[in-house]
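Read the structure below first, then the notes.
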Amino acid sequence: MPPDGRDAAAASTTQSSSSPARHFFSVPAPIKRVFDKFPLTTYPPNDIPQRLPAVPGENRLFVFTDAAGAKHGRPSFNPQCLKWQAYLKFVGIDFQTVPSNNHASPTGALPFLLPALPLDSLTPIPSGKLQKWAIEQVHCEEEQQLNMRFDAYASLLNNRIRNAWLYALYLDSDNFNAVARRLYVDPSTSNSLVRATLASQLQQAARDVLLKSASYIDVSDLEAEADKAFEALSILLGDNEHFFNRPNPGLLDASVFSYTHLILDDGMGWKQNRLGQLLKKYDNLVQHRERLVKFF
């Protein structure tokens, strides 16, 4: 509302303050006394989930997954969670997977990790600090220092491929109903009204992200940009088993795998999978995904 609109509303409120309507809508004195004793309270951020006892020597990674997936250590169905789940496996760090959601996260986003040591630690490690923590644990080389091109290729995933993923998962109606609802909406509540609200929020959030870089959503353009990103990654990988010809998979391998695996995973239940069709043109990326699946 413009400034003059706010001023008009304020003036209207002032003029009506002495009208009989004010008395009609006033809070009765007995109820007011109850609220005076129990004023509104602003609650602190969520505490660390305590439903699972800490196991000495065991790290706990909180990700989007279901109970069966957590029990068997299966890949998360969320790319950001799968990226770090895969990376920790690739560098040899053991952890227990715990089903969670953004609302249960102290940082408001998944994944996050509760380290095994020190034993009394309740300080979560957010995703932005997971690589630094992992390097300190196993003294592996930091991938960004191995190749200055890391950021450039990572941006292909964080922008072009992610944008196409957001459209495919949330804004394609067939995929949203078959995949996103099943994975993100339905497990959160059994209330149909809340489900409808959450579904709308998820779709609007995806729409907002895509409209930050364009005045309207062009599906063909999103797919074309994703195809270019796949091509660039395929050229970078070449005949090597891992990116940058590393002896073991690193962070870029985990980042690429977090999308290629989910795009090609039949278990996701895709109804429309244009990204899968584009990805399958690049045999080395498909084979890269198949090799990394064996870690799970």
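Note that the structure is predicted; figures quoted are calculated from it, not measured. When reading the values below, keep in mind they use all heavy atoms of this one structure, side chains included, and skip hydrogens, waters and symmetry mates. Sequential numbering from 1 along the given sequence is applied to the chain's residues.
For S255 (side chain) and L251 (main-chain N/O), a donor-acceptor pair under 3.5 Å exists by modelled atom type. Between the N163 side chain and the R160 main chain, no donor and acceptor come within less than 3.5 Å of each other. In this structure a side-chain-to-backbone donor-acceptor pair under 3.5 Å is missing from S234 to F230.
One distance of note links OG1 of T260 with NZ of K280; it measures 12.5 Å at 0.5 Å rounding. One finds the CZ atom of R195 at 12.5 Å from the OG1 atom of T197 (value rounded to the nearest 0.5 Å). To the nearest 0.5 angstrom, L233 atom CG is 9.5 Å from N284 atom CG. L264 CG to N273 CG: the interatomic distance, rounded to the nearest 0.5 Å, is 7.5 Å. Put simply, CG on L222 and CG on L210 are 6.0 Å apart, with the number rounded to the nearest 0.5 Å. One distance of note links NZ of K83 with CG of N78; it measures 11.5 Å at 0.5 Å rounding.
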Stepwise side chain to side chain contact (heavy atoms under 4.5 Å, CB included) check, N59 with I93: CA-CA 9 Å; N59 304 299; I93 293 178; 3.8 Å; yes
Worked check of side chain to side chain donor-acceptor pair (under 3.5 Å) between Y170 and N175: CA-CA 7 Å; Y170 296 108; N175 284 337; over 6 Å; no
Side chain to side chain contact (heavy atoms under 4.5 Å, CB included) between Q80 and S258, intermediate numbers included: CA-CA 7 Å; Q80 179 70 1; S258 69; over 6 Å; no
Chi angles and distances behind the side chain to side chain contact (heavy atoms under 4.5 Å, CB included) call for E231, I235: CA-CA 6 Å; E231 182 181 18; I235 293 172; 4.1 Å; yes
Working for side chain to side chain contact (heavy atoms under 4.5 Å, CB included), residues T65 and R74: CA-CA 8 Å; T65 189; R74 295 172 185 156; 5.7 Å; no
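Residues A70 and T97 come closest through the heavy atom pair CB-O, 3.4 Å. The minimum heavy-atom distance between L114 and P124, with the atom names listed, is CD2-CA, 3.8 Å. Minimum interatomic distance between L88 and A134 (heavy atoms only, all atoms of both residues): CD2-CB, 4.1 Å. Taking both residues in full, the closest heavy atoms of A164 and A226 are given as CB-CB, 3.7 Å, listed atom of the first, atom of the second, then distance. Scanning all heavy atoms of the two residues, the minimum distance from L61 to Q85 falls at CD2-CA, 3.7 Å. Nearest heavy atoms, G269 versus A178: O-CB, 3.9 Å.
Counting heavy atoms from C-beta on, the side chains of S100 and V63 never come closer than 4.5 Å. The shortest distance between side-chain heavy atoms of D66 and L183 does not fall below 4.5 Å. Side-chain contact between L157 and L252: present, with at least one pair of heavy atoms (C-beta onward) separated by less than 4.5 Å. Looking at V91 and Q137, their side chains never come closer than 4.5 Å, going by heavy atoms from C-beta outward. In this structure the side chain of V219 reaches within 4.5 angstrom of the side chain of E223, judged on heavy atoms. Contact check for L198 versus T189: no side-chain heavy atoms found under the 4.5 Å cut-off. At least one side-chain heavy atom of I125 sits under 4.5 Å from a side-chain heavy atom of P115. Side-chain contact between R60 and F95: absent, with no pair of heavy atoms (C-beta onward) separated by less than 4.5 Å.
The aromatic rings of F257 and H261 lie parallel to each other, their planes meeting at an angle below 30°, with 60° marking the opposite boundary. Using the six-membered ring where Trp is involved, F112 and F62 have ring planes that are parallel, under 30° apart on the 30 and 60° scheme.
Checking N101 against Y184 by side-chain atom types alone, no donor-acceptor pair falls below 3.5 Å. For the residue pair H242/N248, the side-chain donor-acceptor check at 3.5 Å is not satisfied. Using a 3.5 Å distance cut-off with no hydrogens or angles, the side chains of Q204 and D208 do pair a donor with an acceptor. Judged purely by distance below 3.5 Å, without hydrogens or angles, the side chains of R181 and N177 pair a donor atom with an acceptor atom. Between the side chains of D221 and Y216, no donor N or O sits under 3.5 Å from an acceptor N or O.
W270 pairs with exactly one of W165, F77, F176 by the ring pair (Phe, Tyr, Trp, His ring centres under 6.0 Å) rule, that one being W165.
Other residues, nucleotides and ligands place more than 12 heavy atoms under 6.0 Å from the NZ atom of K281. In the displayed structure, D266 atom CG is contacted under 6.0 Å by at most 12 heavy atoms of other residues, nucleotides or ligands.
For Y153 and F243, the ring centers sit 6.0 Å or farther from each other.
Ion pair E225/K228 flagged as a salt bridge, since at least one NZ, NE, NH1 or NH2 atom sits closer than 4.0 Å to an Asp/Glu carboxylate oxygen. A salt bridge between D94 and K89 is absent, with no side-chain N of the basic residue lying under 4.0 Å from a carboxylate O of the acidic one.
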